[in-house]
Amino acid sequence: METSYIQISYAQLSLATLFIAINVGLSFGLRLGLEQSLAIASLRMVIQLLMVGYILQWVFTLSNPVLIILLALGMTVIAGISSVNRTRRRFAGIYWNNFISLLSGSFLVTGIVVSGILRVQPWYEPQYLIPFLGMVLGNALTGTSLSLDRFMEDLTSRRGEIEALLSLGATRWEAAHQSIKEALRTGMIPTINSMMVMGLVSLPGMMTGQILAGANPSDAIRYQIVIIFAQASGTAIAIIGVIILAFFALFNQNHQLTDLLIQKSPNKAKVKS
């Protein structure tokens, strides 16, 4: 069967590495020190995507909902770990809190899209479920890492002010409200900025991929609108969940800011130094 798109050979794919080679050359010439990071990130990305490509070929043949849900949970675990690893501070339970928040936001939104909007039969059809979940998770991952990092850094920098408010009789919510609001705002900024210029400055990847594969542009646009709204909702649910859980972990019932916040990520500390 003849395909309706131009297939890329591995030889053609290798030519694309020239773009990264240019970046490495610029980093070396300007002494930015990014050569190793660029090389490692590029290699990891290629290996991961090639592996995912082969795995998805197998996944798309599955008709077992249990295996598909297990795969989705595995994706969520990896997203939760990656999100926390991007933050500069830690507290007890941060990984679990992040996993629960990402699970709630991504599974709820993906379930509504697949079952309620697209009405896929069966609902666990991996061709739809896995790509949609991956896109929602990817966006929520960025949002939770940004909001968590901002929340914890804000609490650290404002610790004296927060403890003064608490000592004067303010509740933990009143003392932390400003930090919570700024953290939620920070987590949503990338999604909102992306939506503001979509179609004028940037053409989304899903829409572009469908058009290149021969889909009708109007159909591709409708799919893209659905996924963007889903990403925005999934991100909002995830960051609200992770910040509220962090709030309860860092402020006790006696309206005191605990010392769990002080622990810094050793990897981030090394990078910063």
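Owing to the predicted nature of the structure, the values given are computational and were not obtained by experimental measurement.
Remark: the backbone N or O of Pro190 is not paired with any side-chain donor or acceptor of Ser194 at under 3.5 angstrom. Listed for the Asp149 side chain is no donor-acceptor partner under 3.5 Å among the backbone atoms of Met152. Judged purely by atom type and a 3.5 angstrom limit, His255 uses its side chain to pair as donor or acceptor with the backbone of Arg172. With hydrogens and angles disregarded, no donor-acceptor distance shorter than 3.5 Å links the side chain of Glu182 to the backbone of Ser179. Distance alone, capped at 3.5 Å, places no donor-acceptor pair between the Ser147 side chain and the Gly187 backbone. At least one donor-acceptor pair under 3.5 Å links the side chain of Ser167 to the backbone N or O of Ala164. Arg90 contributes a side-chain N or O that, together with a main-chain N or O of Val84, makes up a donor-acceptor pair within less than 3.5 Å. With hydrogens and angles ignored, the 3.5 Å screen pairs a side-chain donor or acceptor of Asn252 with a backbone N or O of Asn254. Judged by distance alone, with hydrogens and angles left aside, the side-chain atoms of Asn98 form a donor-acceptor pair with the main-chain N or O of Gly80 at under 3.5 Å. Judged by distance alone, the side chain of Thr87 and the main-chain N or O of Ser83 form no donor-acceptor pair under 3.5 Å.
Under the 4.5 Å side-chain criterion, counting only non-hydrogen atoms from C-beta, Leu73 is in contact with Phe107. Counting only heavy atoms from C-beta outward, the side chains of Leu102 and Thr144 approach each other to under 4.5 Å. Taking the side chain as every heavy atom from C-beta outward, Trp123 and Leu118 never approach each other to under 4.5 Å. With a 4.5 Å cut-off on side-chain heavy atoms, Val109 and Gln231 do not count as touching. Between Leu148 and Asn97 there is no side-chain heavy-atom pair separated by less than 4.5 Å. By the 4.5 Å heavy-atom criterion applied to side chains, Phe151 and Leu250 are counted as neighbours.
Taking Met195 as the reference, Thr191, Ile228, Phe229, Ala232 meet the side-chain contact (heavy atoms from CB on, under 4.5 Å) condition, with sequence neighbours excluded. When the ring pair (Phe, Tyr, Trp, His ring centres under 6.0 Å) test is applied to Phe99, the partners found at least two apart in sequence or on another chain are Trp96. Not counting sequence neighbours, the partners of Arg44 by the side chain to side chain donor-acceptor pair (under 3.5 Å) test are Gln48. In this structure Glu35 satisfies the salt bridge (Lys or Arg N to Asp or Glu O under 4.0 Å) test with no other residue, sequence neighbours excluded. Scanning for side chain to side chain donor-acceptor pair (under 3.5 Å) contacts around Ser14 gives an empty result, with sequence neighbours left out. Taking Gln12 as the reference, Ser9 meet the side chain to side chain donor-acceptor pair (under 3.5 Å) condition, with sequence neighbours excluded.
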For Leu141 and Arg86, run side chain to side chain contact (heavy atoms under 4.5 Å, CB included): C-alpha distance rounded to whole Å, both residues' side-chain angles, the deciding distance at 0.1 Å, then the answer.
-> CA-CA 10 Å; Leu141 183 159; Arg86 295 182 184 183; 3.3 Å; yes
Stepwise, does the side chain to side chain contact (heavy atoms under 4.5 Å, CB included) test hold for Asn23 with Phe28?
-> CA-CA 9 Å; Asn23 287 352; Phe28 182 78; over 6 Å; no
Decide side chain to side chain contact (heavy atoms under 4.5 Å, CB included) for Leu245 and Ser101; before the verdict, give the C-alpha distance in whole Å, the side-chain angles of both, and the deciding distance to 0.1 Å.
-> CA-CA 9 Å; Leu245 290 175; Ser101 301; 3.8 Å; yes
After noting the C-alpha distance and the side-chain angles of Thr258 and Phe91, does the key distance pass the side chain to side chain contact (heavy atoms under 4.5 Å, CB included) rule?
-> CA-CA 10 Å; Thr258 69; Phe91 59 84; over 6 Å; no
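Across Val113 and Ala230, no two heavy atoms sit closer than the pair CG2-CB, 3.8 Å. Nearest heavy-atom pair, Ser104 versus Ile237, reported as atom, atom and distance to 0.1 Å: C-CG2, 4.4 Å. Here the closest heavy-atom approach between residue Leu257 and residue Arg159 is recorded as O-NH2, 3.4 Å. Closest of all the heavy-atom pairs between Ile239 and Leu184 is CD1-O, 3.5 Å. Summarising the geometry of Pro131 relative to Pro126, their closest heavy-atom pair is CD-O, 3.2 Å, with the distance given to 0.1 Å.
Within 6.0 Å of the OH atom in Tyr128, the count of heavy atoms belonging to other residues, nucleotides or ligands does not exceed 12.
Once rounded to the nearest 0.5 Å, the distance linking CD1 of Ile130 with CG of Leu137 reads 9.5 Å. Residue Asn139 holds its CG atom at 11.5 Å from OG of Ser106, rounded to the nearest 0.5 Å. Ile243 contributes atom CD1, which lies 9.0 Å from atom OG1 of Thr186 (distance to the nearest 0.5 angstrom). A distance of 10.5 Å separates CG in Leu155 from CD in Glu163, rounded to the nearest 0.5 Å. For the atom pair OG1 of Thr76 and CG of Leu133, the computed distance is 5.5 Å after rounding to the nearest 0.5 Å. Rounded to the nearest 0.5 angstrom, Ile189 CD1 and Arg150 CZ are separated by 8.0 Å.
Between Phe251 and Trp173, the ring centre distance reaches or exceeds 6.0 Å.
The aromatic rings of Phe132 and Tyr223 are tilted relative to each other, their planes meeting at an angle between 30° and 60°.
The hydrophobic clustering, which links ILVMFWY residues whose side-chain heavy atoms are closer than 4.5 Å, places Met45 and Leu34 apart.
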